[in-house]
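The next block holds one structure in the form of structure tokens; read it before the comments.
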Number of protein chains: 2
Amino acid sequence: MERKKTFTSYDVARLAGVSQSAVSRCYKSGASVSKKTRDKVEKAAKKLGYQPNALARSLITARSNSVAVIISNLTNLYYPEVLAQLSQYFSEKGMRVLLFAVDTESQVDGVLGQVLQYQVDGVIAAVKLTLEQIKKFEDRETPLIFYNRHINSHAASAVCCDQADGATVLTQKLIDFGHKKFAYISGPEDSMVGIERQKATLTTLEKSDISDYTIWNGDFSYDGATNATCKLMNEAKQKPDAIICANDVSAIGVIDTLRYEYNIKVPEDISVVGFDGVGPATWASFNLTTIRQPVKRMTKAAVEMMLERIDTPSLANEKRVFSGIFIEGNSAKI
Amino acid sequence: MERKKTFTSYDVARLAGVSQSAVSRCYKSGASVSKKTRDKVEKAAKKLGYQPNALARSLITARSNSVAVIISNLTNLYYPEVLAQLSQYFSEKGMRVLLFAVDTESQVDGVLGQVLQYQVDGVIAAVKLTLEQIKKFEDRETPLIFYNRHINSHAASAVCCDQADGATVLTQKLIDFGHKKFAYISGPEDSMVGIERQKATLTTLEKSDISDYTIWNGDFSYDGATNATCKLMNEAKQKPDAIICANDVSAIGVIDTLRYEYNIKVPEDISVVGFDGVGPATWASFNLTTIRQPVKRMTKAAVEMMLERIDTPSLANEKRVFSGIFIEGNSAKI
DNA sequence: TTGAAAGCGGTACCAG
DNA sequence: CTGGTACCGCTTTCAA
């Protein structure tokens with residue numbers, strides 16, 4: 001395969017009648033170049049359509065100006081927003097996003113090799129990593145920031161939303177209003193976020209001596225929630241008066257099923273709450289009572305932390321935990 | 001800033017007691033290396049946690065194994081799916097996706113410079129580009145494939161869904177059923193996709209001698225559609241019996257507004273149709289009658305075309321147009 | 001099959 | 001401020 005005929009700094013130098021070093025300097029901020037030289041170079045560069053080769057630059061500077069973003073399930077309504085934000089913020093800082101979308105966590109291992117090969121300056125992971133995997137990045141001094149997955153140990157930095165706190169607030173409000181019988185629509189078993197929400201919910205119930213609750217797996221998805229709701233309605237001895245869902249999409253699935261399959265009114269007959277604050281949560285059909293994750297602030301924090309650590313790799317790990325925002329919709333009597 | 005202490009092929013070579021070339025060969029498929037050498041190298045590599053530097057490799061091979069994906073509005077419900085698919089397919093072929101998310105088309109120009117600097121092997125653009133911009137890629141022989149934006153001229157390859165055809169099918173069905181008075185909720189004025197859908201819709205109406213229609217700008221968004229619907233209901237002389245929306249999200253906004261603001265039943269009182277086939281379209285609350293874009297097939301086609309062109313840059317431009325799939329929901333009497 | 005050496009397209013340090 | 005030169009880490013001839 002023959003090499004593409006793209007112009008290099010040498011071509012520009014020759015055309016401009018200066019040295020290659022001079023050309024290089026023109027593309028480096030804060031280098032001392034006389035106006036005359038710069039003009040000549042710019043003119044030649046424009047003529048040739050010259051663009052410096054970022055790869056060659058990265059090779060010597062050991063900075064690729066790119067970060068890897070590893071995301072597990074892009075179709076989750078909540079991630080696209082995160083991704084768009086990240087991409088925007090990094091772009092503003094002159095950094096590129098290398099996207100790694102895995103659909104099963106088992107793919108992660110394979111992906112990590114590639115991540116490393118690409119000499120990314122940092123990694124934002126919205127997937128679970130083993131300590132072993134984390135250590136690889138540590139060894140290379142490649143900053144790693146978890147997004148909404150925190151690790152028990154202090155092995156890595158993370159920005160996340162306080163799942164437990166949010167779930168507690170929501171649950172407590174339901175209890176305070178006087179709900180007695182609960183159902184919980186859970187997330188996937190291997191989702192840390194899901195587990196935390198569930199644990200906090202149950203703990204809160206039990207603190208108020210409420211043991212009348214059942215748990216049904218909803219898998220974070222609309223269809224999962226639909227199935228869970230049907231099971232709940234068919235198998236449970238009595239109907240709950242409040243259903244707490246692991247996320248918004250589940251809550252929407254629950255509401256739809258209650259309304260259209262069982263002719264049950266929400267919130268009059270049963271209260272339903274979600275978690276996330278995704279776009280559709282605010283749609284009139286649902287008007288979900290939920291906890292909104294402050295996505296913008298979270299991603300901004302992630303980007304800031306990343307840039308700091310790229311600059312100063314020795315920086316200690318840090319966790320930034322944001323509180324969710326209670327959104328009072330009209331899907332629950334609260 | 002000091003260079004990160006990452007191991008190179010020389011380190012591996014030294015530890016393994018072979019030449020650096022030998023190490024290199026071990027990482028190249030189809031190179032002749034004796035089993036003995038390979039074993040030594042692999043052992044040393046594992047010990048050091050060596051990963052070849054993809055940037056250095058790219059520099060010499062002139063192949064970065066990465067593709068730029070330029071997307072305008074990630075929060076559009078429809079793009080995340082596309083992006084996830086692209087990322088998956090490319091990943092399977094050993095290629096990485098460099099994501100460029102722009103939120104206004106004016107940012108495009110700045111982004112393109114970066115795209116070029118990164119020496120991507122190809123570009124998938126879900127944004128509009130000027131002929132000038134297209135030409136830049138041509139000059140560099142960097143394959144460019146448009147996703148759902150086709151250019152009038154044959155200046156570039158594209159994969160897209162037949163917007164006109166889909167809109168025509170939908171409209172014709174409404175007409176055939178006997179709807180007489182129409183409203184169209186349009187997309188943004190600068191969206192080619194929106195324009196095509198609208199044009200085909202109106203043409204179809206006029207072919208059946210229906211001139212009783214009004215147009216309201218919905219901007220492809222839920223809120224936009226909500227506003228448009230309110231305007232329509234307040235300002236139009238008479239209510240339409242069918243509302244054709246530029247996309248699903250608009251249709252959902254329309255349905256919600258009709259139901260909850262005006263107490264109008266869909267589809268009994270007014271039929272509503274969308275376009276795209278996004279996830280929420282199938283939710284029980286909406287059960288949208290719409291045209292689904294065959295996203296998987298489209299992205300797969302885009303990836304195939306891209307790989308072919310990376311391999312053989314001289315390949316002629318090609319457009320692959322997919323028909324949308326009519327989804328009969330329950331939001332329209334058809 | 002193996003190792004030596006010449007680049008790929010830049011950056012950075014150096015003396016002038 | 002400028003040009004010369006030694007790399008960055010790898011691939012790829014070319015001889016041995």
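We name chains A, B, ... by the order of the sequence lines, and we start the count at 1 in each one. These values consider heavy atoms only, across backbone and side chains, with no hydrogens, waters or symmetry-generated copies. Bear in mind that the values here come from a model prediction, so they are computed numbers and not experimental data.
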Checklist entry - Can you tell me if B:Asp311 uses its side chain to pair, donor with acceptor, with the backbone of B:Glu308 under 3.5 Å? => result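 No.
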In whole Å, I'd like the distance from the [atom1] atom of [X] to the [atom2] atom of [N].
X	N	atom1	atom2	result
B:Ile60	D:dC10	CD1	C1'	7 Å
A:Lys40	D:dC1	NZ	C1'	12 Å
B:Gln20	D:dC14	CD	P	18 Å
B:Leu59	C:dG7	CG	C1'	9 Å
A:Tyr27	C:dG9	OH	P	15 Å
A:Arg140	D:dG9	CZ	P	11 Å
B:Arg63	D:dT12	CZ	C1'	17 Å
A:Gln119	D:dC8	CD	P	14 Å

Within the pair [X] and [N], is there a side-chain N or O less than 4.0 Å away from OP1 or OP2?
X	N	value
B:Ser19	C:dT2	no
A:Ser32	D:dC1	yes
A:Lys28	C:dA12	yes
B:Lys36	C:dT1	no
B:Ser24	D:dC10	no
A:Tyr10	D:dG3	no

Closest to the [X] side chain, choosing from [options]:
X	options	result
A:Asn53	C:dG10, D:dC10, C:dT2	C:dG10
B:Pro52	C:dT2, D:dG3, D:dC10	D:dC10
B:Ser21	C:dA12, C:dA5, D:dT2	C:dA5

Polar pair under 3.5 Å, donor/acceptor by atom type, side chain A:Arg25, base D:dG3
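Such a pair is found, so the answer is yes.
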Before we go on, tell me: are the rings of B:Phe100 and B:Tyr118 under 6.0 Å apart, centre to centre?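 Not close enough - the centres of the two rings lie 6.0 Å or further apart.
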Problem - Pair A:Phe220 and A:Tyr78, ring centroids less than 6.0 Å apart - result: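 Judged by ring-centre distance (under 6.0 Å), A:Phe220 and A:Tyr78 do not meet the cut-off.
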What contact category does [X] fall into here, base, sugar-phosphate, or nothing, at under 4.0 angstrom with non-hydrogen atoms?
X	value
B:Phe7	nothing
A:Val23	nothing
A:Thr8	sugar-phosphate

task: Pick out which of A:Leu99, A:Thr299, A:Ile71 makes a side chain to side chain contact (heavy atoms under 4.5 Å, CB included) with A:Leu86.
output: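 With A:Leu86 as partner, side chain to side chain contact (heavy atoms under 4.5 Å, CB included) holds for just one option, A:Thr299.
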- Name of the residue among A:Val115, A:Val67, A:Val123 meeting side chain to side chain contact (heavy atoms under 4.5 Å, CB included) with A:Thr142: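 The option that passes is A:Val123.
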Check: Side chains of A:Val108 and A:Leu112: does their closest heavy-atom pair fall under 4.5 Å?
Finding: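 SC-SC contact between A:Val108 and A:Leu112 confirmed.
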